[in-house]
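Predicted, not measured: the structure shown is a model, and the values here were computed from it. One-based numbering along the sequence shown. When a ligand or atom number is given, it counts from 1 through the structure's own listing order.
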Amino acid sequence: MPTLKNPSTKTTQTTKTPVAVKSAKKEPFLNFENVSKAFPTPKGPYVVLEDVNLKIQEGEFICVIGHSGCGKSTLLNMVSGFSRPTTGEVRLRSQQITKPGPDRMVVFQNYALLPWLTAFENIYLAVDAVHPDKPQSEKEEIVKYNLNLVGLTEAANKKPQQLSGGMKQRISIARALSIRPQVLILDEPFGALDAITKEELQEELLKIWNDMRMTVLMITHDIDEALFLADRLVMMTNGPRANIGEILNIPFSRPRDRTRIMEDPEYYNLRNYALDYLFRRFAHDDE
Ligand SMILES: Nc1ncnc2c1ncn2[C@@H]1O[C@H](COP(=O)(O)OP(=O)(O)OP(=O)(O)O)[C@@H](O)[C@H]1O
């Protein structure tokens with residue numbers, strides 16, 4: 001293991017960044033406050049997350065990394081509203097999140113497209129659900145706009161089984177974006193894709209985020225992906241009773257160029273730091 005130098009950009013959960021100090025009185029855009037989550041089991045409550053605190057500013061791109069089963073999806077499910085904390089609160093714009101809503105859209109690794117509908121219809125369904133009163137022509141325009149955004153205008157009339165994994169994930173992203181969410185939640189969206197498609201989608205996601213600047217929360221197992229995409233990398237401890245171990249600030253300027261950041265010595269400094277965190281300090285028995 002190489003000698004570790006603490007990156008100057010590294011912050012711990014308890015260390016306030018200058019931004020946090022400046023806006024200390026203002027409620028952050030998205031705020032996890034003392035969040036714990038326990039699931040009932042026959043042997044008693046299984047505490048997955050314990051006392052998680054995290055403040056996210058509007059427009060931030062956050063990646064979450066941690067070993068399998070540590071509670072990353074559980075954490076993000078409390079933002080999407082699929083699940084609620086056992087104790088503590090998750091607040092968006094000062095409002096406690098209690099249920100799903102169109103201000104938060106999720107993209108899953110397995111695409112979650114309806115197989116009997118075309119790409120166009122899959123997106124239309126979501127637009128229609130959120131904007132039932134808009135005229136049909138307007139809803140169709142929204143679908144077309146978002147299909148074009150992910151470069152899949154030509155695939156509008158294809159069903160999911162006629163599409164590659166990368167295309168399916170593009171449709172899934174277009175569907176989420178068509179609702180114009182304030183928070184885009186991505187649960188390991190590129191995990192099932194080959195390396196080249198994955199890099200293409202990362203670039204596209206970054207371009208879309210750069211234009212729209214919605215807040216992004218993304219689970220990944222890929223440190224390079226996180227270093228390319230994120231403003232901050234949230235590194236979880238192992239479960240049960242998982243928490244946020246450390247948060248790395250990713251300092252590379254935007255728009256990001258993959259080749260350029262990979263030539264930056266800081267890239268390897270951060271990469272080694274994150275690898276050391278995961279595979280030495282918080283090594284997992286199963287991996
Ligand atoms: N509804 C549930 N009931 C009981 N246990 C659950 C439930 N949902 C999740 N768990 C448990 O909580 C723990 C965390 O699960 P979670 O899916 O959040 O982990 P993860 O970090 O996202 O994992 P992975 O990286 O493998 O997707 C796991 O041990 C899982 O078995």
Side-chain angles (χ1 to χ4, degrees), residues 13 30 32-54 56 61-90 92 97-100 104-112 165 168-169 172-173 176 183-193 195 198 201-202 205 215-230 232-248 271 274-287:
Q13 230 187 321
L30 183 60
F32 294 78
E33 201 167 74
N34 305 324
V35 169
S36 299
K37 179 73 185 179
F39 291 111
T41 74
K43 292 183 188 162
Y46 179 70
V47 182
V48 176
L49 296 169
E50 190 167 67
D51 226 10
V52 173
N53 286 283
L54 177 64
I56 295 172
F61 198 127
I62 302 287
C63 279
V64 180
I65 211 160
H67 287 290
S68 186
C70 72
K72 302 179 293 296
S73 299
T74 303
L75 188 70
L76 265 54
N77 282 345
M78 292 188 278
V79 180
S80 61
F82 296 151
S83 171
R84 290 185 66 172
T86 310
T87 56
E89 279 188 3
V90 184
L92 178 65
I97 295 174
T98 56
K99 56 179 193 245
R104 290 151 283 136
M105 291 300 289
V106 187
V107 172
F108 298 98
Q109 182 177 356
N110 65 2
Y111 325 118
K168 281 190 266 216
Q169 198 53 292
S172 178
I173 290 171
V183 184
L184 181 65
I185 298 159
L186 302 140
D187 194 340
E188 239 200 293
F190 308 139
L193 305 177
K198 185 175 179 173
L201 263 79
Q202 289 167 355
L205 175 64
T215 305
V216 177
L217 294 178
M218 174 167 161
I219 295 175
T220 178
H221 282 109
D222 182 339
I223 290 170
D224 294 305
E225 176 169 272
L227 292 179
F228 180 53
L229 297 175
R232 288 192 290 159
L233 173 56
V234 171
M235 302 194 291
M236 309 281 297
T237 63
N238 293 339
R241 300 181 186 279
N243 202 316
I244 294 173
E246 284 188 20
I247 301 176
L248 286 187
R271 189 173 191 276
L275 282 171
D276 183 69
Y277 175 94
L278 283 177
F279 297 108
R280 192 180 64 84
R281 289 165 57 200
F282 285 91
H284 200 277
D285 293 344
D286 301 335
E287 291 175 68

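- Listed by atom number, the atoms of ligand 1 under 4.0 Å from Thr74 heavy atoms are 14 (C), 15 (O), 16 (P), 18 (O).
- When all heavy atoms of Met235 and Tyr277 are compared, the closest pair comes out as O-OH, 3.2 Å.
- Residues Glu225 and Met218 approach most closely at OE2-CE, 3.0 Å, considering heavy atoms.
- Protein heavy atom nearest atom 2 (C) of ligand 1, with residue, atom name and distance: Phe39 CD2, 3.4 Å.
- When each of Leu205, Asp187, Leu186 is checked for a side chain to side chain contact (heavy atoms under 4.5 Å, CB included) with Val107, only Leu186 meets the rule.
- With ligand atoms numbered from 1 in the order given, ligand 1 contributes 25 (O) to contacts under 4.0 Å with heavy atoms of His221.
- Of the possible donor and acceptor atoms, none in the side chain of Gln202 sits under 3.5 Å from a partner among the backbone N and O of Leu229.
- Without hydrogens or angle criteria, Arg104 side chain to Val79 main chain gives a donor-acceptor distance under 3.5 Å.
- Atoms of ligand 1 found under 4.0 Å from any heavy atom of Gly69 (numbered from 1 in listed order, with element): 13 (C), 14 (C), 19 (O), 20 (P), 21 (O), 23 (O), 24 (P), 25 (O), 26 (O), 28 (C), 29 (O).
- Closest to atom 26 (O) of ligand 1 among all protein heavy atoms lies Ser68 OG, 2.6 Å.
- Which parts of ligand 1 touch Tyr46 is read off a 4.0 Å heavy-atom cut-off, strictly below it: atoms 29 (O).
- At least one protein heavy atom sits closer than 4.0 Å to atom 24 (P) of ligand 1.
- Annotation for ligand 1: atoms under 4.0 Å from non-hydrogen atoms of Gly71 are 14 (C), 16 (P), 18 (O), 19 (O), 20 (P), 21 (O).
- Contact annotation for atom 6 (C) of ligand 1: protein present (non-hydrogen atoms, distance under 4.0 Å).
- Residue contact annotation: Cys70 has a non-hydrogen atom under 4.0 Å from ligand 1.
- Numbered from 1 in the order shown, with element, the atoms of ligand 1 that lie under 4.0 Å from a heavy atom of Val48 read 12 (O), 13 (C), 14 (C).
- Ring pair Phe279/His67 is perpendicular by interplanar angle, where above 60° counts as perpendicular and below 30° as parallel.
- Judged purely by atom type and a 3.5 angstrom limit, Thr86 uses its side chain to pair as donor or acceptor with the backbone of Ala38.
- Backbone and side-chain nitrogen or oxygen atoms of Ser73 are examined, and one is located within less than 3.5 angstrom of a nitrogen or oxygen of ligand 1.
- For Phe32, there are no ring pair (Phe, Tyr, Trp, His ring centres under 6.0 Å) partners at least two apart in sequence or on another chain.
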